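Have a look at the structure below before the remarks.
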Amino acid sequence: MLPMIPATAPRSRATEACQMIKRIAQTAGFTGLFAALLLTLLQSFWVAPLILQAETFEKAPSAAEAPHEHVAGAPAHTHDAQAWEPQDGWQRVLSTTGGNLVVAVGFALMLAGLYTLRAPTRTAQGLLWGLAGYATFVLAPTLGLPPELPGTAAADLAQRQIWWVGTAASTAAGIALLVFGRNGLLKGLGMAILVVPHVIGAPQPEVHSMLAPQALETQFKIASQLTNVAFWLALGLISAWLFRRHRDDSYSA
């Protein structure tokens, strides 16, 4: 006789899959919310004032821009309408919070998905995941493309986006090989992958120029790096704690 297959086996696997999806969604949702609020708070008190100060240099009338008159019989021309941007105050804060929330939830989904492959055994391990995310998506790309204040010359946007994506991907692969590689060959390959984008070099503008003072630019770079460190550490720590908590709750259920 053929062995009987328990009818509850497919149902249990489906239940585990549903619980896993629920755990990932809950972890990403709450983590993204808390991390986004923290990032918005830090940006509002540290980064945003520097941007507003730089915008005063960008919007200041240039001495080379002299008023002109329309000569009779000359071809007519129109001035393009200025693109909409949020006003200072609640509009800017609300816009920043919404953008931060979308980004934070996306990164938290990525972390929660990775936890299903290698779950953190301790909440503190989330800090290591956060540092890896910071190195991948902030530190490595900004080595070639540092954060820029308004009024700073930049290279072609499409070229910068391609280099940024390639750098983030190679950094993620390099860190994974360095951490999880089982032999020296894989770790050496990971180190090589890490440096490839920086050997190629990030696209640069033909002429480097900025309207804001150099001191303001330096403050902005430091503020951007530190706020992103805090954001990623919070993202890793909160996501690891919530993921482990939901896992324990599902086991106890």
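From a predicted model like this one, the values you see are computed outputs, not experimental measurements.
No side-chain heavy atom of V47 sits less than 4.5 Å from a side-chain heavy atom of L42. Side-chain contact between L33 and L37 is present, with heavy atoms from C-beta onward closer than 4.5 Å. With contacts defined as side-chain heavy-atom distances shorter than 4.5 Å, the pair W46/L226 qualifies. By the 4.5 Å heavy-atom criterion applied to side chains, R245 and T123 are not counted as neighbours. Side-chain contact between T56 and L52 is absent, with no heavy-atom pair separated by less than 4.5 Å.
Closest of all the heavy-atom pairs between P141 and T136 is CD-O, 3.3 Å. Considering every non-hydrogen atom in both S170 and P197, the closest pair reads OG-CG, 2.9 Å. Among all heavy-atom pairs drawn from A154 and E148, the shortest one is CB-OE1, 3.6 Å. Here the closest heavy-atom approach between residue I193 and residue A173 is recorded as CG2-CB, 4.4 Å. When all heavy atoms of S239 and Y115 are compared, the closest pair comes out as OG-OH, 2.9 Å. Nearest heavy atoms, A124 versus L237: CA-CD1, 4.4 Å.
Note: Q53 CD to L216 CG = 4.5 Å, rounded to the nearest 0.5 Å. One distance of note links OG1 of T142 with CG of N228; it measures 8.5 Å at 0.5 Å rounding. Interatomic distance, OG1 of T218 versus CG of L149, reported as 9.5 Å (0.5 Å rounding). Annotation: the span from Y134 atom OH to Q225 atom CD amounts to 3.5 Å, rounded to 0.5 Å. Here L242 contributes atom CG and I24 contributes atom CD1; the two are 13.5 Å apart, rounded to the nearest 0.5 Å. The CE atom of M191 sits 10.0 Å away from atom NZ of K187, with the distance rounded to the nearest 0.5 Å.
Linking ILVMFWY residues whenever their side-chain heavy atoms come closer than 4.5 Å, directly or via other members, places V138 and L127 in the same cluster. Cluster annotation: L235 is connected to L139 through the hydrophobic network of ILVMFWY side chains, with a link wherever side-chain heavy atoms come within less than 4.5 Å. Follow the hydrophobic side-chain contacts under 4.5 Å out from W164 and you reach W232 in the same cluster. Using a 4.5 Å cut-off between side-chain heavy atoms of Ile, Leu, Val, Met, Phe, Trp and Tyr, with links allowed through other members, F30 and L233 fall into different hydrophobic clusters. No path of Ile, Leu, Val, Met, Phe, Trp and Tyr side chains, each step under 4.5 Å between heavy atoms, connects F243 with I238, placing them in separate hydrophobic clusters.
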Under the side-chain contact (heavy atoms from CB on, under 4.5 Å) criterion, do L189 and L185 qualify, and how do the steps go?
CA-CA 6 Å; L189 178 61; L185 180 61; 5.8 Å; no
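A donor-acceptor contact shorter than 3.5 Å is absent between the side chain of Q161 and the backbone of D156. Looking only at distances, no side-chain donor or acceptor of T31 sits under 3.5 Å from a matching main-chain atom of A28. Panel note: side chain R160, backbone P203; no donor-acceptor pair is recorded below 3.5 Å. Counting only distance, with no hydrogens or angles, the side chain of S44 and the backbone of T40 share a donor-acceptor pair below 3.5 Å.
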Identify each donor-acceptor pair in which a side-chain atom of residues 102-114 lies under 3.5 Å from a protein atom, sequence neighbours left out, and give them as a table.
none

Tabulate below the donor-acceptor pairs under 3.5 Å that side-chain atoms of residues 206-214 make, not counting sequence neighbours, or state none.
none

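By the side-chain hydrogen bond (donor to acceptor under 3.5 Å, both in side chains) test, T121 is found to be paired with Q125, residues two or more places apart in sequence or in another chain being considered.
Ring orientation note: the planes of F180 and W129 are tilted relative to one another, at an angle of 30° to 60°.
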